[in-house]
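Just so it is clear: chains get the letters A, B, ... in the order the sequence lines come, proteins before strands, and each one is counted from 1.
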Amino acid sequence: MSQMQTFVRGFADPQRQAEIQALVPAEPLESKRDHIPFAKRGWRRLTEYEAVMLHAQNSLDAVPGSQEIGESVQKWPGGRAAFSIESTALISSNWFHFRDPARRWFMPYVKAKNEEGSTTERFLKAWVENGDYRMLNEDWVYKILGPTYSAFIYNEYGLFNAHSSTVHTGLSDLLKTYIALSGFDKNDAAQMIQTERVLLAKNFPGFDPSLAEGKAQWMSSPTWAPARSFVETVWGDTYDWCEQLWAIHCIYDEIFGQFVRREFFQRVASIHGDTLTPWIQSQANLYHQQAVDASKALFFKMLQDEEPVYSVHNKRYLLAWTDRWLPRTGAALRAFLAVYHDLPVTLDGVTCRAGVQASVERVVDDWVTRFAGPLGYRFDRDAFINDIMSGY
Amino acid sequence: MTNSNAYNAGTNGKEGQSFIDEFLSKENSVIHSSDAVVLAMMKTEEIDVIIDEMIKPMLVDNPTIAIEDRGGYWWIKATGKIVIDCDEAAEILGKRYTVYDLLVNVSTTIGRAMTVGNQFIITTELVGLESAVPTSA
Amino acid sequence: MAGSNTAVKEALKAHPAPSSVSSQEVHKWLQDFTWEFKSNRTKYPTKYNMDNNTREQFKLTAKEYARMESVKEERQYGTLLDGLSRLDAGNKIAPQWGEIMKLVANFLETGEYGAISGSALLWDSAQSPEQKNGYLAQVIDEVRHVNQTAYVNYYFGKHYYDPAGHTNMRQLRAINPLYPGVKRSFGEGFLAGDPVESSINLQLVGEACFTNPLIVSITEWAAANGDEITPTVFLSIETDELRHMANGYQTIVSIVNDPEAMKYLQTDLDNAFWTQHKFLTPFIGAALEYGSKYKVEPWAKSWNRWVYEDWAGIWLGRLAQFGIKSPACLGDAKQDAVWGHHDLMLLAYALWPLTGIRVSLPSTEDMAWFERHYPGWYDHYGKIYEEWKALGFEDPNSGFLGAIWMMQNGHGIFVDHTSSLPFCPTLAKSAVRPSFLESNGKRYAFSEPHGERMWLQEPERYEFVNFFEQFEGRELSELIQSAGGVRSDGKTLMAQPHVNTTGLWTLDDIKKINLTIPDPMKILNWQPTQ
């Protein structure tokens, strides 16, 4: 302890604390300690997750569920209010009823991410020092983890950026929290791919950690063209924040993202002796899983199942949005399948047509189970899969 | 000679009406450029050690450094620049201590603050304008 | 198939730490993460030209950020949940301070909440990936700060001897006449407007300037008054602010070399400074000096140090070479730094039932302190408080309310239309130069010309229904009850005009006063004499 401390602290200074105690009542002045007692509980008792955020939003009372009386006091040039229910076509009777099933607020969120980071740090050390990288197929390293993997950075980075306006516009506090954390996860996913590539550059002579090849592929290869178009449109040209979230987490990342991460990079890496990429991608898959859970809580639980007035209206929009974004997602995956022709190692049951079809079926059927089914969205599954497989 | 960066140097050394008169004077109704930097660092075990063993010894080379106990934090003001090398801090503390561990307890900065490798730098320089933002390598 | 041993050895030689990747090794590639496409432009355009190559000063990746932040969280919540809980910290706090924290924590929460959207706006508008990365971290930081400030109220609600108000300020604030002022400057001032204007409000002025007294030096007052909870949380909040200040500075860096920028920059800076100052200067000063039993230093001195000498000198002064000048309103702001908080507190006392907290008039000791540091204070304010006390300010049976005394004595309370803050033209010692303007058949009050000018230039941005208009015709006790301002016995008010444990005011005591909220703008004879 430094010798210079001279400050008189009321807590520690005996005389001052005695003076304070003379003013402290013998019994608490109020026995009721329920926090935000006016707020609807998402679970049986108030959770920390709700206590530290719910109804923090000081929005105008036009946002249903707001505690506020009145309106916003500074508006945009032209007079538009800061938060506006017109920012999405969906309607809620109470935007404050959203709850993230994972109950993520800042503290548990960064704690979990730190655990993922520290485990990765130790994993990388062991992976290199035990010489695990020696199992890697060099062509996989230079031809796939070089350009193709870095092209995928742009996909994740673009989706990350599609969350900025959705955070700004999201209509309640717990919604903004979930959107912000999902965006942060996407940025993390992009950076973790680059972390892996920097590590590879340290262990594989001539491996270029720059994004030059990846960017060239992302910008000009037909393999990525529909994916790039999807990302650019959902990021730059889509203004309805609920539509953005639905398109990203409930369609595109559920089908295309899961395919690229899980069915391609994780599954195919293993036949190339690559134990590193599956590890890195497992985190992105976790982030996707969490975003799916929260998105389902928003679009199904809150805006349909528990929505007393507008559920039919909302369903109509979700169906229309699915019509808009599903074909683009299918096109992205169809084009991506060309990547199988560049693989250094092929394996029956994995990289053959039947194996890839099984992968496509898995992601499409998962999507049906999680989204299309509960929404009541009807489409020709087999035709959709066949169309995707035409890219193989 | 009194350190011009001391906590109650200048106008704040005056009391009552004399303070108010000087504070509201015409001369003090416009901004005067300052080459000082200010840091507030939370009082913690690590920061106390860094103050005693790293910041205070800097007084030899930079006598303009002022350090003040403000209850929950140390207030530090200096002319020019302060550099805290976290490799050195790690050795003193006997544990892993990166520049981002230091940032856990740096409560505020006035001046251009940045990390360069494992160093924390706060400078009067206008980085990005008068010079490039330094990179780690 | 595998890499040859020779190649591996060569790689090891070239890279001495091949088994780890530091945050900064990844960060240096971030600028390459983006690409050009037709609609790669912000949804929130700015009138400035922002340089696409602006850099970030702290070079954090998501994982390293999470590591650093989780250390902060472990230490902060560890201190609260273990150490301070065992030491019964909630019951060691001087009551005046425990009360003012009901407002300080919640009002700061409002600012932090506005900053989530404000930094998302900047994340969207920045083109440089490093800048986007910095703004994203700020978005998440602001989520943290809402959680933290909320946790202060939550923790006080669990451990402090008067939880009323800590538990439900998110509801009570709806009828607090001071609250729209927070929303204006510290909430929507951050998120509704040109992104660069928002950045100047949020980062260059709100954070780089006013968070220092609001979040850092306030901890001295907390510690002096027995509160170790607030320093534990607030000092940790501020450890994120330095990155935000750097974000704000880099926003300036990204525009300042463009000669066109100077067409707008000085005006935006002057407006932002006035907007933030207008609420924060009186509010922080009132919280510190009137919410404490033990004083640290006069607020005007803190303002001189943190705002004038250091923030203005070190940030704006150094940027003078690029054409930045002293804000034209600086002289008036300094006048406010001496007197503004006394003016605001007079209104808070007058309207105490709507504040949701227990306020207490200055003691004899306090009065001597005020007079010593603000000569003339006693003749102006002290005498009023003595008169109020004699008339029964604290006594629930007196039927006395400061606001009624003011009306009866010709001291109208108006809402300044730009800042949304109440002011009393006839009792103000701060830089108040009132004006009353009419537009489209509606009358508006302004407390000074800086805000009036902002309204005249962009009236549509300040179009709102103020406190008096909103609640005109509502009876006071009914209004308090509807906002949840009553304790669990169903009758005693959460707000009180003293911090004693007996003589507590009830709804009936307020009902007896029989005050129906008026709209002063409709009552001509309340116009101040010029």
Side-chain angles (χ1 to χ4, degrees), chain B residues 7-8 10-12 15-17 19-20 22-24 26 28-44 70-73 75 77 98-101 103-117 122 124-130 132-137, chain C residues 23-25 28 54-55 57-60 64 67-68 71-72 75 208 211-212 216-217 219-220 222-224 231 235-236 238-239 241-242 245-246 249-250 253 256-257 298 300-301 304-305 308-320 322 326 330-331 334-335 337-338 372-375:
Chain B
Y7 195 69
N8 278 321
T11 306
N12 274 8
E15 294 295 334
Q17 195 61 47
F19 164 79
I20 291 174
E22 189 165 311
F23 174 67
L24 296 179
K26 203 171 169 192
N28 283 328
S29 292
V30 292
I31 293 168
H32 302 290
S33 179
S34 167
D35 288 331
V37 293
V38 177
L39 274 177
M41 301 175 89
M42 287 169 77
K43 279 187 185 170
T44 64
R70 299 312 306 166
Y73 66 96
W75 177 91
K77 187 169 180 179
T98 73
V99 70
Y100 299 113
D101 292 308
L103 292 183
V104 166
N105 298 120
V106 178
S107 271
T108 199
T109 53
I110 310 179
R112 273 53 66 187
M114 69 205 88
T115 59
V116 180
I122 180 161
T124 182
E125 208 176 320
L126 296 171
V127 295
L129 292 172
E130 293 174 337
V133 176
T135 51
S136 357
Chain C
S23 162
Q24 293 183 20
E25 284 178 295
K28 73 178 184 184
T54 310
R55 311 310 285 252
Q57 290 164 217
F58 287 93
K59 309 178 188 79
L60 278 162
E64 185 61 24
R67 192 184 75 78
M68 174 178 80
V71 175
K72 292 182 186 179
R75 297 175 80 124
T211 62
N212 286 324
V216 179
S217 75
T219 65
E220 302 170 29
L235 288 169
S236 191
E238 194 72 7
T239 61
E241 300 291 352
L242 54 99
M245 297 169 192
Y249 168 68
Q250 285 298 328
V253 169
V256 81
N257 281 318
K301 282 194 177 184
N304 183 51
R305 176 184 302 109
Y308 176 61
E309 291 184 349
D310 291 346
W311 173 75
I314 294 172
W315 286 113
L316 304 189
R318 289 285 284 115
L319 286 165
F322 294 91
S326 298
L330 183 60
K334 294 188 104 183
Q335 177 79 14
V338 179
R372 187 161 73 250
H373 294 291
Y374 302 98

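Chosen from B:Val106, B:Ile122, B:Asp35, B:Thr11, the residue pairing most often with chain C at heavy-atom distances under 4.5 Å is B:Val106. Chosen from B:Arg70, B:Gln17, B:Met42, the residue pairing most often with chain C at heavy-atom distances under 4.5 Å is B:Arg70. Residue with the most contacts toward chain C among B:Thr109, B:Leu126, B:Leu24, B:Val38: B:Leu126 (heavy-atom pairs, distance under 4.5 Å). Contact count versus chain B (heavy atoms, under 4.5 Å) is highest, among C:His373, C:Arg75, C:Gln335, C:Glu309, for C:Arg75. Ranked by heavy-atom pairs under 4.5 Å with chain B, the list C:Lys334, C:Met68, C:Glu241, C:Lys72 is led by C:Lys334. Put simply, of C:Leu319, C:Asn257, C:Val71, C:Asp310, the one with the most heavy-atom pairs under 4.5 Å next to chain B is C:Asp310. Contact tally against chain B (heavy-atom pairs below 4.5 Å) for C:Val216, C:Thr54, C:Asn212: the top residue is C:Val216. Between chain C and the options B:Asn8, B:Val127, B:Val99, B:Asn28, the largest number of non-hydrogen pairs under 4.5 Å is found for B:Asn28. Contact tally against chain B (heavy-atom pairs below 4.5 Å) for C:Leu316, C:Leu60, C:Thr219, C:Val256: the top residue is C:Leu60. Ranked by heavy-atom pairs shorter than 4.5 Å toward chain C, the options B:Gly128, B:Ala40, B:Gly111 are led by B:Gly111. Note on C:Met245, C:Arg372, C:Gln250: by heavy-atom pairs under 4.5 Å with chain B, the leading option is C:Met245.
Of the two parts of B:Leu103, the backbone and the side chain both hold a non-hydrogen atom closer than 4.5 Å to a non-hydrogen atom of chain C. For a residue to count as touching a neighbouring chain, one of its non-hydrogen atoms must lie under 4.5 Å from one of that chain's; by this rule B:Ala113 touches chain C with backbone and side chain alike. Contact annotation for B:Lys77: only side-chain heavy atoms (C-beta onward) come within less than 4.5 Å of a heavy atom of chain C. Looking at C:Glu64, the atoms closer than 4.5 Å to chain B (heavy atoms on both sides) all sit in the side chain, from C-beta outward. Using a 4.5 Å cut-off between heavy atoms, C:Ala300 touches chain B through backbone and side chain atoms alike. Contacts of B:Phe23 with chain C are made by both backbone and side-chain atoms, with heavy-atom separations under 4.5 Å. For a residue to count as touching a neighbouring chain, one of its non-hydrogen atoms must lie under 4.5 Å from one of that chain's; by this rule B:Val133 touches chain C with the side chain only. Contact annotation for B:Val37: only backbone heavy atoms (N, CA, C, O) come within less than 4.5 Å of a heavy atom of chain C. C:Ser217 touches chain B through backbone and side chain together, each having a heavy atom under 4.5 Å away. C:Ala312 touches chain B through backbone and side chain together, each having a heavy atom under 4.5 Å away.
Here C:Tyr249 pairs with C:Trp315 under the ring-ring contact (aromatic ring centres under 6.0 Å, His included) rule; sequence neighbours left out. Taking B:Tyr7 as the reference, B:Trp75 meet the ring-ring contact (aromatic ring centres under 6.0 Å, His included) condition, with sequence neighbours excluded.
The CG atom of B:Leu39 sits 8.5 Å away from the OG1 atom of B:Thr108 when rounded to the nearest 0.5 Å. Between the CD1 atom of B:Ile110 and the CD1 atom of C:Ile314 there is a distance of 5.5 Å, given to the nearest 0.5 Å. Taken to the nearest 0.5 Å, the CE atom of B:Met114 stands 8.0 Å off from the CZ atom of C:Phe58. With rounding to the nearest 0.5 angstrom, the CD1 atom of B:Ile20 is 11.5 Å from the CG atom of C:Asn304.
Pairing each heavy atom of C:Thr211 with each of C:Glu238, the nearest pair is OG1-OE2, 2.9 Å. Considering all non-hydrogen atoms of both residues, B:Ser107 and C:Leu235 come closest at OG-O, 2.7 Å. The two residues C:Pro231 and C:Ala222 make their nearest non-hydrogen contact at CD-CB, 3.8 Å.
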For C:Arg67 and C:Ser23, run side chain to side chain donor-acceptor pair (under 3.5 Å): C-alpha distance rounded to whole Å, both residues' side-chain angles, the deciding distance at 0.1 Å, then the answer.
-> CA-CA 11 Å; C:Arg67 192 184 75 78; C:Ser23 162; over 6 Å; no
Salt bridge (Lys or Arg N to Asp or Glu O under 4.0 Å) between B:Glu130 and C:Arg318, intermediate numbers included = CA-CA 11 Å; B:Glu130 293 174 337; C:Arg318 289 285 284 115; 2.9 Å; yes
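Considering only heavy atoms from C-beta on, B:Glu22 stays 4.5 Å or farther from B:Asn12 through its side chain.
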